[in-house]
Student: 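Got a structure for you, written out below as structure tokens; questions coming shortly.
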Number of protein chains: 4
Amino acid sequence: MKPKDEGKIAEIYAATLVLVKEQGLAGITMSMIAKKAGFATGTVYIYFANKEELIVKLFEKCSTDYANDYFAGYDPSSPFKVAFHTIWMNMLRYSIEHFDELVFIEQCFHSPFITDETRKATKERLLPWRELIERGKKEKLIKQLDASWIMLFVRGSVRDLVKHCTYNQLKITDTFKESLFEMCWDGIKD
Amino acid sequence: MKPKDEGKIAEIYAATLVLVKEQGLAGITMSMIAKKAGFATGTVYIYFANKEELIVKLFEKCSTDYANDYFAGYDPSSPFKVAFHTIWMNMLRYSIEHFDELVFIEQCFHSPFITDETRKATKERLLPWRELIERGKKEKLIKQLDASWIMLFVRGSVRDLVKHCTYNQLKITDTFKESLFEMCWDGIKD
Amino acid sequence: MKPKDEGKIAEIYAATLVLVKEQGLAGITMSMIAKKAGFATGTVYIYFANKEELIVKLFEKCSTDYANDYFAGYDPSSPFKVAFHTIWMNMLRYSIEHFDELVFIEQCFHSPFITDETRKATKERLLPWRELIERGKKEKLIKQLDASWIMLFVRGSVRDLVKHCTYNQLKITDTFKESLFEMCWDGIKD
Amino acid sequence: MKPKDEGKIAEIYAATLVLVKEQGLAGITMSMIAKKAGFATGTVYIYFANKEELIVKLFEKCSTDYANDYFAGYDPSSPFKVAFHTIWMNMLRYSIEHFDELVFIEQCFHSPFITDETRKATKERLLPWRELIERGKKEKLIKQLDASWIMLFVRGSVRDLVKHCTYNQLKITDTFKESLFEMCWDGIKD
DNA sequence: GATGAATGAGCCTTCATTCAT
DNA sequence: CATGAATGAAGGCTCATTCAT
């Protein structure tokens with residue numbers, strides 16, 4: 001279990017994500033993952049103690065990456081709407097580009113692998129996002145609702161739109177992105 | 001002679017939904033389902049040829065019920081916003097009351113059990129909902145965007161809010177419901 | 001287990017024989033037998049305590065019937081070759097007409113159902129046949145070999161010929177029967 | 001790396017043959033086979049996709065081996081009776097030495113595993129044997145009957161004699177072998 | 001470290017048998 | 001008696017995990 005080769009871990013992760021997207025968590029086996037990643041079953045056990053560890057670590061990696069990407073180019077000192085727009089667009093872009101991670105996280109949520117603790121840790125990573133929402137409320141730019149509700153309203157709508165586009169292989173143009181943003185913004189603005 | 005007790009099907013369904021909510025599709029077995037439902041493993045096979053059939057049939061039942069409930073009390077001749085409000089509230093209420101079905105459907109989407117065909121059939125059941133959206137567009141009450149996008153925007157946000165509430169055991173008061181409705185409405189209105 | 005209706009037993013037997021011929025002992029179930037016979041699974045258990053009893057009783061019935069038929073029209077006082085011919089023809093005819101019994105007995109021989117005891121009882125039913133062979137030996141008409149060997153030589157060749165004809169749906173004409181008889185007779189005659 | 005040990009296949013075959021001889025096809029399970037062969041159940045599935053494949057492949061192996069052995073030491077250019085004697089003795093010896101294969105083939109014939117196709121392939125392997133019989137007919141040494149009938153007459157009688165000896169643990173002496181050969185020969189000779 | 005054959009617990013499914021109707 | 005739904009032990013097969021090479 002001494003990961004000499006970080007590259008292999010990445011390949012295992014990638015293989016897992018693709019398989020879960022295609023078959024769901026219920027449909028994958030360790031040997032499928034190994035095969036897809038291009039090496040023997042036993043090799044996976046050099047990097048992960050067992051299946052659960054693999055799933056949990058991947059889950060954590062996904063949710064960390066996801067959260068980090070949210071804040072790419074985010075400047076807390078910029079005006080609220082600009083900041084909000086930045087993060088919203090990150091969210092959309094990341095969800096599209098990392099659709100398999102989206103699916104994986106969703107499937108994990110109701111699996112025996114993920115504990116409440118892990119689930120909660122996920123939330124904490126989005127603290128800056130929550131703080132931004134609170135700032136918006138303070139600046140009276142958005143509705144005076146619980147920040148969680150605003151966040152979920154935004155993320156939920158983005159998520160379903162991305163799923164729809166991916167399943168139906170639709171291209172999301174910039175014009176469309178702005179229309180969607182507008183829906184979200186109109187929904188929450190005061 | 002003991003006639004086939006169709007009520008057992010409902011019990012099997014109920015047991016399955018609870019278990020999938022708690023453990024995910026990946027975590028359930030036929031014997032768990034039988035045990036939860038209160039009878040022997042073999043009994044499940046009197047009503048369903050195999051695990052896949054059970055999952056698929058339950059999926060179809062859920063998506064049918066879900067769609068039907070959308071339109072409870074829906075009067076197509078009422079003013080657009082009233083009609084929209086009715087359906088929106090149904091959606092919210094059903095998602096809350098049948099949270100396990102929500103989870104089940106979500107888990108099935110990326111499982112080896114559900115085919116594209118089954119997935120598509122689901123959509124068709126929501127035709128009146130789509131027609132209403134189109135009417136709203138025609139009446140210039142809502143944004144001139146693809147109806148699918150509007151529908152997904154609405155459903156996605158509702159879904160994530162319901163999930164959040166359920167996981168955190170929050171009570172959803174009527175005031176809150178109306179606030180949420182307002183977010184959705186503001187998001188889509190022209 | 002009080003067989004009020006002997007007819008049902010016959011139907012169960014008939015169904016079993018057909019199924020074993022088609023699928024082998026390894027391929028049949030109690031419900032298949034019941035279905036083929038035309039009634040419910042449970043009904044079979046009114047007439048037979050369990051599967052083993054059904055198989056064993058049918059086996060005994062078959063071997064009894066088989067043995068009895070051997071001696072139809074057999075007159076111990078007739079000349080040896082005439083008597084031998086009579087029994088030989090009976091053997092051939094019965095094997096053809098009751099091919100499924102032939103197969104059933106063969107399949108049972110190496111099954112967990114039939115005990116050595118049952119197997120031995122089968123032999124004893126052919127005592128008159130053995131006695132006739134001994135008489136032939138005494139009359140110096142046939143070879144001075146162990147009677148068992150003569151009997152097996154005769155029965156074995158008949159059996160394989162019948163199997164071949166049945167599998168290939170060949171008709172066995174009287175001329176052919178006589179040719180076959182001649183082979184057997186030439187083989188054993190002194 | 002531990003390479004696939006093809007020797008295991010032979011062990012699986014041997015275990016299967018012994019078990020089928022003792023219990024019949026109806027009485028064996030995959031775990032019994034694995035246990036008898038000396039390894040875990042799952043191991044059998046490394047070498048055979050499922051039970052059917054194991055049975056079918058073993059059947060084909062047995063019938064090939066059986067056919068090949070028929071012709072050990074067979075010289076087509078030797079006089080007819082010599083050639084016939086060689087093959088006949090091979091048949092007898094092989095049936096005695098490989099009694100479990102004999103039983104296995106017999107049990108398979110009426111099983112759900114063996115198809116007509118497989119059954120027919122078996123026959124083709126005995127072509128040289130058939131040709132020899134035809135030659136005997138042409139040389140007017142044996143009766144002018146269908147070659148199949150001659151072949152079955154010979155094999156059938158040998159088979160039942162071998163079965164009898166094996167069940168009753170009789171030793172077959174060379175004198176006896178020759179007596180039996182004589183019965184067969186007298187039966188078919190012109 | 002890497003491999004993949006070997007292991008055996010556990011899952012899906014069948015089926016002999018029981019039992020309520 | 002007859003029925004066939006219900007039962008649960010047992011069989012076929014899978015797959016997470018181990019281990020010899």
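Throughout, a chain's letter reflects where its sequence line sits, starting with A, and its residues are numbered from 1.
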Student: Rounded to whole Å, please give me the gap between CE in A:M32 and C1' in E:dG4.
Tutor: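 About 18 Å, once rounded to whole Å.
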
Student: Expressed in angstrom and rounded to an integer, what is the separation of D:I46 atom CD1 from F:dG12 atom P?
Tutor: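 Going from D:I46 (CD1) to F:dG12 (P), I get 17 Å.
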
Student: What is the distance, to the nearest angstrom, from the CZ atom on B:F48 to the C1' atom on E:dT14?
Tutor: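 After rounding, the reported distance stands at 18 Å.
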
Student: Starting at CZ of D:F39 and ending at P of E:dA9, how long is that distance when rounded to a whole Å?
Tutor: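 Rounding to the nearest Å, CZ of D:F39 and P of E:dA9 are 18 Å apart.
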
Student: For this output row, return yes or no: ring centroids of C:H98 and C:F104 closer than 6.0 angstrom.
Tutor: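 No: the rings miss the under 6.0 Å criterion.
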
Student: Identify whether any heavy atom of C:T29 sits under 4.0 Å from a base atom; if not, whether one sits that close to sugar-phosphate; answer base, sugar-phosphate or nothing.
Tutor: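 Sugar-phosphate contact only - C:T29 comes under 4.0 Å of backbone atoms but never of a base.
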
Student: Taking the nucleotide of DNA chain F with the closest heavy atom to each, which residue, A:I28 or B:A40, is nearer the 5' end?
Tutor: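 Here B:A40 is the residue nearer the 5' end.
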
Student: Mapping C:M30 and B:S31 to their closest nucleotides on DNA chain E, which lands nearer the 5' end?
Tutor: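 Checking each residue's closest nucleotide, the 5'-ward one belongs to B:S31.
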
Student: Between E:dA9 atom C1' and D:Y45 atom OH, what is the distance in whole Å?
Tutor: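 Atom-to-atom, D:Y45 to E:dA9, this comes out as 15 Å.
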
Student: Under 4.0 Å: is that the gap between some side-chain N or O of C:K8 and OP1 or OP2 of F:dA2?
Tutor: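 Looking at the OP1 and OP2 atoms of F:dA2, one of them is under 4.0 Å from a side-chain N or O of C:K8.
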
Student: With a 4.0 Å cutoff (strictly under), does any side-chain N or O of D:K4 reach OP1 or OP2 of E:dA5?
Tutor: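 No.
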
Student: Which base sits across from F:dT21 as a Watson-Crick or G-U pair, both distances under 3.5 Å?
Tutor: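 Here F:dT21 is engaged in a pair, and the nucleotide opposite it is E:dA2.
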
Student: Would you check, one step at a time, whether the test side chain to side chain donor-acceptor pair (under 3.5 Å) holds for D:R125 with D:S63?
Tutor: CA-CA 8 Å; D:R125 298 200 182 88; D:S63 71; 2.8 Å; yes

Student: Between the side chain of C:T122 and the main-chain N/O of C:T118, is any donor-acceptor distance below 3.5 Å?
Tutor: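 Between the backbone of C:T118 and the side chain of C:T122 there is a qualifying donor-acceptor contact (under 3.5 Å).
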
Student: Does A:K35 place a side-chain N or O at less than 4.0 Å from the phosphate oxygens OP1/OP2 of E:dG4?
Tutor: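 No, no such contact exists.
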
Student: I want to know whether C:F48 and C:Y13 have ring centres closer than 6.0 Å.
Tutor: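 Centroid separation for C:F48 and C:Y13: below 6.0 Å.
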
Student: Between B:E11 (CD) and F:dA5 (C1'), how many Å, whole number?
Tutor: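 To the nearest whole Å, that distance equals 14 Å.
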
Student: Checking salt bridge (Lys or Arg N to Asp or Glu O under 4.0 Å) for the pair C:E106/C:K163: CA distance, chi angles, key distance, verdict?
Tutor: CA-CA 12 Å; C:E106 193 174 281; C:K163 275 200 204 173; 2.9 Å; yes

Student: Specify the separation, in whole Å, of atom NZ of D:K51 and atom P of E:dT13.
Tutor: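 D:K51 atom NZ is separated from E:dT13 atom P by 18 Å.
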
Student: Which sits closer to the 5' end of DNA chain E, B:A49 or D:T43, going by the nucleotide each is nearest to?
Tutor: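 That would be D:T43.
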
Student: Does a side-chain N or O from D:Y47 land closer than 4.0 Å to OP1 or OP2 of E:dA6, or not?
Tutor: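 So the side chain of D:Y47 is within the cut-off, an N or O lying under 4.0 Å from OP1 or OP2 of E:dA6.
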
Student: May I have the distance from D:E52 (atom CD) to F:dG12 (atom C1'), rounded to whole angstrom?
Tutor: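 Answer to the nearest Å: 13 Å.
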
